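Side-chain atoms are counted along with the backbone in the values below, which use heavy atoms only and exclude waters and symmetry mates. Just so you know, these numbers come straight off a predicted model, no measurement behind them.
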Amino acid sequence: MPFLKSLNPLQYKAATCTTGPLLILAGAGSGKTKVLTSRIAHLIIHKKVAPSNILAVTFTNKAAHEIKERLEKLVGDKSQEILTGTFHTVGLKILREEGHRIGLNSKLTIYDEEEQTLLIKLVMSELSIDEKDAPHKMVLYEINLAKNGNLSPDEYRFQSSNPIADYVAMIYRAYQNKLILMNAVDFGDLICKPIQMFKTMPDVLEKYRDLFKYILVDEYQDTNKTQYVLTNLLAARHKNICVVGDPDQSIYGWRGANIDNILKFKEDYPGTTLVKLEQNYRSTKNILAASNCVIQNNEQRLDKTLWTDNHEGEMVTFEECLNEYQEARFVVNTVKKIMAHDQKLKYKDFTVLYRTNTQSRTFEEVCFEEGIPYTIIGGFKFFDRREIKDTLAYLKAIINPHDSLNFLRIVNVPPRGIGKAALDKVHAISRAHNLSLYDSFKKAVDDRILIKQEIRDFVGSFDMLRRESSEMPLHEFTSRMLDITGYSDFWEKKNTEDALERVKNLDGLVSAISNYVNNHPKAALSDYLNLVSLMSDADGYEEKHNRVTFMTIHSAKGLEFPIVFMVGMEEGLFPHKRCMEEDEDTLEEERRLCYVGMTRAKRQLFLVSAKNRSAGKETNQTVPSRFINEISADYIRRKDVAPQGTAQDHIERIRKLLGS
């Protein structure tokens with residue numbers, strides 16, 4: 001078949017080895033997506049495997065979408081029968097089908113980080129635990145970490161050495177009970193709960209083992225314990241499991257990923273076939289050689305050396321600037337020079353990668369001053385805006401009336417005269433009769449405990465919207481909901497520039513839902529809400545926009561650009577200062593992160609640092625990152641940038657520009 005003939009010998013071996021466990025060590029830019037899709041097409045076309053018996057797990061929704069598009073070209077409509085998505089997508093499918101067995105119905109709500117925090121605050125209030133004793137953010141981090149490790153509240157308490165572990169375990173237990181009552185799950189539950197069912201309900205496990213006879217897992221080096229356990233449970237019978245990954249690109253240890261999952265795969269699955277994809281099709285020889293220089297300093301890796309038939313290309317450039325403002329100006333000026341020299345390049349061909357999101361501010365200022373279009377991935381996103389969150393809260397509460405958290409968010413938005421006294425009465429009914437807030441409001445109105453007409457009208461409108469939610473297209477229903485609830489009118493009446501911008505955003509949401517309906521005509525409202533909940537930072541990147549892209553290196557995983565700037569290459573920033581305080585494993589992960597950033601570049605790579613960097617009101621002197629010194633002089637060109645004014649001069653220029 002043509003798709004197999006286009007593979008190199010090792011890619012071909014990986015694509016056609018279909019029986020038993022297979023470990024594909026796929027270096028950056030080695031064509032792993034092509035291999036994955038070819039392997040699936042080979043299973044369907046040559047091995048006559050039913051598409052529904054194939055499970056392909058990816059790291060991001062964007063990667064899943066790319067695989068689906070390629071498979072459609074290879075196997076046509078059969079691609080629709082393959083379950084392709086993230087671990088969370090797979091977990092959601094299982095919970096929607098089997099969740100009724102543990103008290104969840106198919107219209108469950110997925111709580112994001114903001115909703116998790118609100119629920120934790122509610123639980124802590126009910127338990128009379130002070131925020132000073134157990135900070136909300138720390139509690140949230142510990143609960144998420146426990147779920148990544150597949151730990152129950154009791155198991156967490158037994159294993160944790162955290163000084164607030166007693167509080168966390170108590171909050172965690174009550175938090176889980178609240179989620180069940182609200183027919184809701186968080187991201188950790190999407191994997192933990194299927195595992196719990198598999199371990200306690202053998203018939204459920206057998207059903208999915210029989211369904212998924214062939215399992216493929218991408219980015220296996222970044223799987224955590226729950227993902228590892230879920231994969232092993234599903235693959236235990238047939239053992240036709242193919243994992244693809246690269247230990248040199250394992251960069252999520254801070255959120256529970258365990259590099260040992262890939263390093264010890266051959267121990268977990270005796271008789272594993274190992275295929276190394278070491279030919280890089282993305283980068284120039286110099287970029288690849290420089291990247292290899294850095295990663296070879298790590299000990300936790302499997303032997304692998306990337307090589308390429310691409311041309312030598314430009315040497316990697318290291319620029320040491322005076323301060324962060326000169327760093328930003330150097331990047332912007334270099335973009336302008338390169339584009340002037342090569343008019344085929346566009347702004348979207350450039351990306352600026354940094355270690356932390358806070359580094360983007362100075363680049364935004366300089367781009368604004370110079371009129372350079374840019375986009376930030378992982379910053380303040382469209383779906384994080386207040387008016388969008390409010391609208392989604394309405395939709396979540398309408399399809400899941402048990403979701404008291406989102407119902408509480410919108411019950412008085414826009415203002416309906418529902419004060420503290422009314423809410424206290426409703427909460428009392430909820431506690432006394434074990435009802436959701438929605439049902440408690442209905443009871444309060446029916447029993448004439450609440451007699452305000454605005455409240456009675458709201459309950460009546462909410463009931464009507466619940467009935468209509470499945471009777472019209474999603475975008476039309478959303479538009480009607482915004483009208484019936486008075487939410488659009490609420491912003492329009494303010495008639496300020498900010499309010500009118502919010503109205504435009506609401507129109508944009510309706511338009512986005514309309515596009516979704518066109519592509520998924522049979523989808524339900526819950527499908528769209530789940531899609532939004534499962535979006536990651538990387539999913540926000542759209543190549544069609546002609547803008548310079550700013551993002552953290554973590555967000556850049558899986559992407560590539562002709563020209564890459566890695567900024568903030570200083571000790572204490574990258575590698576991060578915590579490396580000096582923790583163990584060698586943390587430093588090795590920072591080095592892998594550097595390697596990931598470097599291997600995003602196709603044509604040119606710039607590593608940039610600042611001699612002085614502001615930290616609040618202080619300015620600290622810095623030294624270049626140790627990763628710079630790990631690159632052989634054969635592949636890197638170093639030079640200083642002449643000062644072009646102080647940071648204060650730059651601030652004054654921005655102020656004058658904004659003042660004009």
Side-chain angles (χ1 to χ4, degrees), residues 28-29 33 58-66 86 88 112-114 187 218-219 222 249 251-252 254-255 257 282 324 327-328 331-332 334-335 345-368 370 372-385 388-389 505 508-509 512 515 531-569 573-574 576 590 592-602 604-608:
T33 304
T58 60
F59 194 69
T60 64
N61 294 305
K62 185 177 185 298
H65 182 69
E66 182 181 355
T86 64
H88 296 103
D112 61 18
E113 188 172 309
E114 180 182 337
F187 275 76
D218 193 12
E219 304 287 4
D222 283 322
Q249 297 185 70
I251 59 174
Y252 289 100
W254 52 277
R255 67 182 190 194
R282 177 188 299 157
E324 68 264 29
E327 176 186 53
V331 169
V332 169
T334 303
V335 169
L345 286 172
K346 299 180 179 180
Y347 287 120
K348 68 179 182 180
D349 294 322
F350 298 82
T351 190
V352 180
L353 306 180
Y354 35 73
R355 180 63 181 81
T356 63
N357 274 311
T358 56
Q359 292 171 251
S360 70
R361 182 179 58 83
T362 52
F363 294 95
E364 291 185 72
E365 291 178 1
V366 175
C367 283
F368 178 80
E370 295 291 330
I372 302 292
Y374 67 90
T375 188
I376 296 180
I377 305 300
F380 190 67
K381 300 185 283 293
F382 177 76
F383 288 99
D384 289 335
R385 299 177 185 276
I388 304 302
K389 295 283 280 187
N505 288 334
L509 177 62
N515 289 333
L531 175 70
V532 172
S533 297
L534 294 174
M535 285 178 64
S536 66
D537 288 345
D539 297 325
Y541 172 69
E542 293 188 25
E543 194 174 339
K544 64 183 180 182
H545 295 310
N546 187 26
R547 303 168 187 164
V548 176
T549 304
F550 296 104
M551 68 179 98
T552 64
I553 305 175
H554 283 100
S555 295
K557 184 77 173 289
L559 302 177
E560 60 182 40
F561 297 85
I563 318 292
V564 171
F565 296 88
M566 289 176 62
V567 299
M569 298 294 295
L573 184 54
F574 195 30
H576 198 275
E590 289 287 292
R592 293 194 292 269
L593 186 61
C594 181
Y595 176 77
V596 166
M598 294 174 72
T599 53
R600 298 311 94 196
K602 297 167 71 175
Q604 280 185 269
L605 173 62
F606 294 86
L607 307 176
V608 193

**Student:** Excluding sequence neighbours, so at least two apart, what forms side-chain contact (heavy atoms from CB on, under 4.5 Å) with A64?
**Tutor:**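 A64: side-chain contact (heavy atoms from CB on, under 4.5 Å) contacts with T58, T84.
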
**Student:** Atom CG of N357 and atom CE of M551: how far apart are they, to the nearest 0.5 Å?
**Tutor:**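 Between N357 CG and M551 CE, I get 11.0 Å after rounding to 0.5 Å.
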
**Student:** Answer yes if the side chains of T356 and Q359 hold a donor-acceptor pair under 3.5 Å, and no otherwise.
**Tutor:**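 Their side chains do contain a donor-acceptor pair, which is all the 3.5 Å distance test asks for.
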
**Student:** Using a strict 4.0 Å threshold on nitrogen-to-oxygen distance, state whether R600 and E560 make a salt bridge.
**Tutor:** no

**Student:** Among all residues two or more places apart in sequence or in another chain, which pass the side chain to side chain donor-acceptor pair (under 3.5 Å) test with K602?
**Tutor:** none

**Student:** Which residues satisfy the side-chain contact (heavy atoms from CB on, under 4.5 Å) test with Q604, sequence neighbours excluded?
**Tutor:** E314, I338, I563, F606

**Student:** Could you check whether any side-chain heavy atom of T552 comes within less than 4.5 Å of a side-chain heavy atom of L353, counting everything from C-beta outward?
**Tutor:** no

**Student:** Using side chain to side chain donor-acceptor pair (under 3.5 Å) as the criterion, list what pairs up with H88, not counting sequence neighbours.
**Tutor:**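 So H88 forms no side chain to side chain donor-acceptor pair (under 3.5 Å) with any residue.
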
**Student:** So, do T86 and F59 sit near enough that their side-chain heavy atoms are less than 4.5 Å apart?
**Tutor:**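 T86 does not reach F59 side chain to side chain.
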
**Student:** For a ring-ring contact (aromatic ring centres under 6.0 Å, His included) check, start with the C-alpha distance between Y354 and F565, then their side-chain angles and the critical distance, and finish with the verdict.
**Tutor:** CA-CA 9 Å; Y354 35 73; F565 296 88; over 10 Å; no

**Student:** Nearest 0.5 Å, what's the CZ-CG distance between R385 and L509?
**Tutor:** 12.0 Å

**Student:** Could you list the residues that satisfy side chain to side chain donor-acceptor pair (under 3.5 Å) with T334, not counting sequence neighbours?
**Tutor:** none

**Student:** Do we see a donor-acceptor contact under 3.5 Å between the side chains of W254 and H576?
**Tutor:**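 Judged by distance alone, the side chains do not pair up.
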
**Student:** Kindly determine whether E364 and I376 satisfy side-chain contact (heavy atoms from CB on, under 4.5 Å), including the steps that lead there.
**Tutor:** CA-CA 9 Å; E364 291 185 72; I376 296 180; 3.1 Å; yes

**Student:** Return the set of residues passing salt bridge (Lys or Arg N to Asp or Glu O under 4.0 Å) with R592 (not counting sequence neighbours), or none when no residue passes.
**Tutor:**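 Only E589 meet the salt bridge (Lys or Arg N to Asp or Glu O under 4.0 Å) criterion with R592.
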
**Student:** Classify the ring geometry of F363 against F550: parallel below 30°, tilted from 30° to 60°, perpendicular beyond 60°.
**Tutor:** tilted

**Student:** Between K62 and E66, is there a side-chain N and carboxylate O pair less than 4.0 Å apart?
**Tutor:**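 Looking at E66 together with K62, the answer is no, because their closest N to O distance does not fall below 4.0 Å.
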
